[in-house]
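Worksheet: one structure, shown below.
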Amino acid sequence: MPEIPKTYEPQKYEDKIYALWEKSGKFNPDNLKLPKNAKSYTIVLPPPNITDKLHLGHASIIAIEDLLIRFHRMKGFRALYLPGTDHASIATQNVVEKKLLKEQGLTRHDLGREKFLKEVWKFLRVTQATILKQARKMGGSFDWSREAFTLDVERKRAVTKMFLDMHKEGLVYRGKRIVNWCPRCKSTLADDEVEYKEEIGKLYWIKYGPFVLATSRPETKLGDTAVAVYPGDKRYAKMVGKKFMIPGVLGEFEITVVADKAVDPKFGSGAIKVTPGHDFTDYAIAQRHNIAMKQIIDEDGKMMANCGKYTGMTTLEARKAIAADMEKMGLIDHVEEGYKHNLAICYRCGTTIEPIPSEQWFLAVDKKLKRLGGKSLKEKALEVAKNGKIKFHPHRFTKRYADWMSNLHDWCISRQIWFGHEFPVWYRDSEPTYAKAPAGKQQKEIYVGEKAPRGKGWTKDPDTFDTWFSSGMWSFSTLGWPACAKASAGKPGKIIKTGDLARFHPTQVLETGYEILTLWVSRMIMMSLFALNEIPFENVYLHGMVLDSLGKKMSKSKGNGIDPMDMIEKFGTDAVRLSLLIGSTPGNDMRLSEEKIASFRNFVTKLWNIYRYCNHADSKFSLVEKINKKDLKSLSDRWLVSQLQKTIEEITRNLNEYKFSMAGEALEKFIWNDFADWYLEINKIEKNSKVLGYVLDKILKLSHPFAPFVTEKIWQDSSARHSFSGGGSSVHKILMVEKWPVADKKLLDKKSQVDFAHFQQTVTKIRNIRTNYHIDPGKTIQVFAKKAENKEVIEKLARIKIDVVSKINAKGIVVAGKNIKLTLAISDLIDVEKEKARLEKEIANLKSLVTKTEALLSNKNFVKSAPKEIILVNQTKLKEYGEKLKIQQELLKNCTY
RNA sequence: GGGUCUGUAGCUCAGUUGGUUAGAGCGCUACAUUGACAUUGUAGAGGUCUCCAGUUCGAGUCUGGACAGACCCACCA
């Protein structure tokens, strides 16, 4: 066999190892050869947008999810990790539009719908392939045979079926509503797709018939139909219910005065002008008081034909012109400069949002449904979070989810975007989609169905679905819905599942960034409840954002982003995964720097060198599955193996509780400190190859979900070597499907833990003395003792030579532990006063500890109320302090040298 | 305006239901290194756990308040 290389070079092996896993077929749970009753463990990858390549957020998702998947696969679950991508309609359309404009100077309208969509598909095929390749690079153990795309044929079938079902239940309806409209994207936006930007503008105080009132948008005066005041406001009480003629730039118009609680009597003059067509609050007021709506702004963000000489101006132009004209007419009372307010902008392109009335499809979240036992989607979605059917990790997100959910309004699901799922809807003799014409010209006939209706004159609805509508179905549209679901004939609401849907739904974990808790997670819950009457996932794990080393958001424009693929190229996938898993806590943002990744690359190298050492130590080295007590020869053997059992237990428990960082830290500590720094050094003196093989076997398994590549590489290399030396079969098993270690209680050894701790203290103390007195590290110190356990090991590790004598005459520093008392013959190097001072300090410290513990133990209240274990711990402590104190006092007494 | 989170070593953060002399990594100081590993080892320094009050035998941990910072939601004419 060739020599094992000095360093592990991930670039050399990772692709080959991934190919080995893929070829084994074990990514597909159907090939795992499990007993029939094996439990399923499913995670569906939150589909990355195909707008761009993977970023660190995705890398973080895959690191965490693949950790969970590999852990459960090894524990014997039917583990399914289902990959896919998201078409991200509006985002993708914008990216392609931008690209098109830059490269060919064309807008999508220049190309036309069909050609434009061809461009989009051309684009997405490339990015999609990149993303999927990168997901492999991350080492994700995805079942590629089940790969899905939110806009492929199966998902299209699902979206259509969902809409038809919802329509049948009366859950979706078409209505004219005020919507957030982006004049650039030419589309509606959901409330949570709107962002706010602080802006300093003007507040116009205008003379308004009998009122003076404040507005930041005088141009909307053309659409005013009412004035609202706070109910019971004495200033205006007499006017409520009356109509007034108001002078305006286009002549007089009529308004009605209404009283509504939405008005803040303390703001401005306490009276507001109501523009139902272009303001959300005003729309709500108009609804409550049955007041007409007048639309004056169109979907280009321009003034409409009913605006006289202002027609065709943008709202900003109209604002200036109208303000100037009002000034001339003496309608402006005064103008307040520097007025601070929030401007609504589009989250995709930053354009100012215009609220405009528009004909859209809505999903009724408050409609009571028979299939949900008379509850609405909202009520049901709240219930499953509150009763703990869906658990949030960390728990605090339950509240955020519930708050958001209970404030949810009907969801506008149609978008005026070309790229996306089409509505199975046709219109006849009508102006389709958003109303270009003034109100009044309504749709005459609407047909909802899978296929186009018969007869002439039908046109298909040109709108597409909100992208969250299809991604909201992701947990089950990927698992064979609707083909694998049938409504039960007997029980309403009961769904009979077959195939993948029966085996893998509900999924176990949804893991994603907390920033899309509301956008996505909530929608998935509602969709699954509606379609299957069950939750989409049992647990929601939310991770934080990955920030740069200065705590700033990573962004392309700032150029502070770290590309995970560059890091993989440089440090290997395992290092990248480890750096994303360790040192972060659920739901909290984490900082990441190249240095951090580099330090985990060192850890991977350490692991490799441990393996290398094992083979150096024993040319016939092999991994050992099981070990018996009688194989443990020395104190260090017993200690290490006992420590290992504790570590297995700790890692398993932490992983079960979603504490990935703590699990990883326990693993790192055991491997680096306990195994490499202590045990291997001792093993050089007291060789025990079987213990090495046993512990490494467990380390590889425990590390595999965190660092799959290096562990698999060592596993493969080791079994190749073993079979080469004639020890085993030449057919290599893969580590990925090995069994997860279980702590063997029989190998727990408390006594050796305690003894080894004392041993470590003794060695450390001697090393400490060497450093303090600047003793040449190469020099062996002569030491005398009456008896010495583990003599040889202590001698080698501390570089001393122990002579066991019946009477010690030598002078020097005395190091005393529980079972050992060593006299270091270095009196010529010692500063006696310094040594005395050191001892006195330690004695004082111990004395105060003894006093403190005694006081605690004699406190009646403590003894009465503290648990037994705590009392016992303190009693033991007191005894230990006492013993130590006695030893130190004795040393001080003899400190003559 | 409503809400959530954070404040622990120079820096980045852990710290599980309150219970050992509060931990890690990086950095720093000193030293070592032909040896599995310079991608290393050994030892050390460094903390009134932001502040105040309370509950408790006992508070970094629980409660109330103050101060500082981050974010989310609602948006007001």
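Every chain is numbered from 1, with letters handed out A, B, ... down the list of sequences. Side-chain atoms are counted along with the backbone in the values below, which use heavy atoms only and exclude waters and symmetry mates.
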Counting only Watson-Crick pairs (N1-N3 plus N6-O4 or O6-N4) and G-U wobbles (N1-O2, O6-N3), all under 3.5 Å, who is the partner of [N]?
| N | result |
| --- | --- |
| A59(B) | none |
| C71(B) | G3(B) |
| G27(B) | none |
| U17(B) | none |
| C76(B) | none |
| A45(B) | none |

Take F392(A) and Y401(A) through the ring pair (Phe, Tyr, Trp, His ring centres under 6.0 Å) test and state the conclusion after the steps.
-> CA-CA 9 Å; F392(A) 291 83; Y401(A) 167 83; 5.2 Å; yes
Across the strands shown, which category fits [X] at heavy-atom distances under 4.0 angstrom: base, sugar-phosphate, nothing?
| X | value |
| --- | --- |
| E880(A) | nothing |
| W672(A) | sugar-phosphate |
| Y881(A) | base |
| A866(A) | base |
| T764(A) | sugar-phosphate |
| R396(A) | sugar-phosphate |
| D677(A) | sugar-phosphate |
| K596(A) | nothing |
| I582(A) | nothing |
| S593(A) | nothing |
| S865(A) | base |
| N588(A) | sugar-phosphate |
| V863(A) | nothing |
| A676(A) | base |

D233(A) and R235(A) ion-paired at < 4.0 Å =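 Looking at D233(A) and R235(A), the cut-off is met.
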Validation row: L607(A), W672(A) side chains within 4.5 angstrom (heavy atoms) =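 No, side chains not in contact.
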State, with a plain yes or no, whether a side-chain heavy atom of F706(A) is found less than 4.5 Å away from one of T711(A).
->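 The answer is no; the side chains never approach within 4.5 Å.
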With rounding to the closest Å, how many angstrom separate the [atom1] atoms on [N] and [M]?
| N | M | atom1 | value |
| --- | --- | --- | --- |
| A14(B) | G23(B) | C1' | 7 Å |
| G7(B) | C51(B) | C1' | 11 Å |
| C73(B) | U56(B) | P | 42 Å |
| G19(B) | U42(B) | P | 30 Å |
| G64(B) | C57(B) | C1' | 22 Å |

[atom1] of [X] versus [atom2] of [N]: gap in Å, rounded?
| X | N | atom1 | atom2 | value |
| --- | --- | --- | --- | --- |
| I766(A) | C31(B) | CD1 | P | 22 Å |
| N861(A) | C57(B) | CG | P | 5 Å |
| L542(A) | C5(B) | CG | C1' | 14 Å |
| I769(A) | G44(B) | CD1 | P | 11 Å |
| I516(A) | C73(B) | CD1 | C1' | 17 Å |
| L655(A) | U16(B) | CG | C1' | 15 Å |
| E854(A) | U21(B) | CD | C1' | 16 Å |
| Q760(A) | U42(B) | CD | P | 11 Å |

Would you say [N] has OP1 or OP2 under 4.0 Å from some side-chain N or O of [X]?
| X | N | value |
| --- | --- | --- |
| K659(A) | U16(B) | no |
| N768(A) | G44(B) | yes |
| K669(A) | G23(B) | no |
| R770(A) | A43(B) | no |
| K879(A) | U20(B) | no |
| R591(A) | U12(B) | yes |
| N602(A) | U40(B) | yes |

Trace of the salt bridge (charged side-chain N to carboxylate O under 4.0 Å, His left out) decision for R653(A) with E649(A) = CA-CA 6 Å; R653(A) 181 168 39 84; E649(A) 195 273 327; 3.5 Å; yes
Does the E336(A) side chain pair with the main chain of W205(A), one donor and one acceptor, at a distance under 3.5 Å?
->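 No, the answer is negative, given that no donor and acceptor are paired below the 3.5 Å cut-off.
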Would you say the ring centroid of F660(A) lies under 6.0 angstrom from that of Y541(A)?
->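 Between Y541(A) and F660(A), which both carry aromatic rings, the centre distance is below 6.0 Å.
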Per [X] side chain, nearest of listed nucleotides [options]:
| X | options | value |
| --- | --- | --- |
| T771(A) | A36(B), C57(B), A43(B) | A43(B) |
| E665(A) | C76(B), U40(B), A14(B) | A14(B) |
| L680(A) | A36(B), C57(B), U21(B) | A36(B) |
| R767(A) | G15(B), A38(B), A43(B) | A43(B) |
| K6(A) | U20(B), A38(B), C76(B) | A38(B) |
| P777(A) | G41(B), C31(B), C76(B) | C31(B) |
| M662(A) | C37(B), C76(B), A14(B) | A14(B) |
| Y613(A) | U39(B), A36(B), U21(B) | A36(B) |
| P867(A) | A36(B), U21(B), G19(B) | G19(B) |
| T585(A) | G3(B), G15(B), U21(B) | G15(B) |

Upstream residue (5' side of RNA chain B) when R601(A) and V763(A) are each assigned their closest nucleotide =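 Its nucleotide being nearer the 5' end, the pick is R601(A).
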Only one of W608(A), Y13(A), Y611(A) passes side chain to side chain donor-acceptor pair (under 3.5 Å) with D717(A); say which it is.
->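 Of all the options given, the one that passes is Y611(A).
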Between N588(A) and T585(A), do the side chains contain an N or O donor and an N or O acceptor separated by less than 3.5 Å?
->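 A donor-acceptor contact under 3.5 Å links the two side chains.
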Does one side chain, of N609(A) or K606(A), offer a donor that lies under 3.5 Å from an acceptor on the other?
->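 There is no such pair (donor and acceptor under 3.5 Å, judged by atom type) between the side chains of N609(A) and K606(A).
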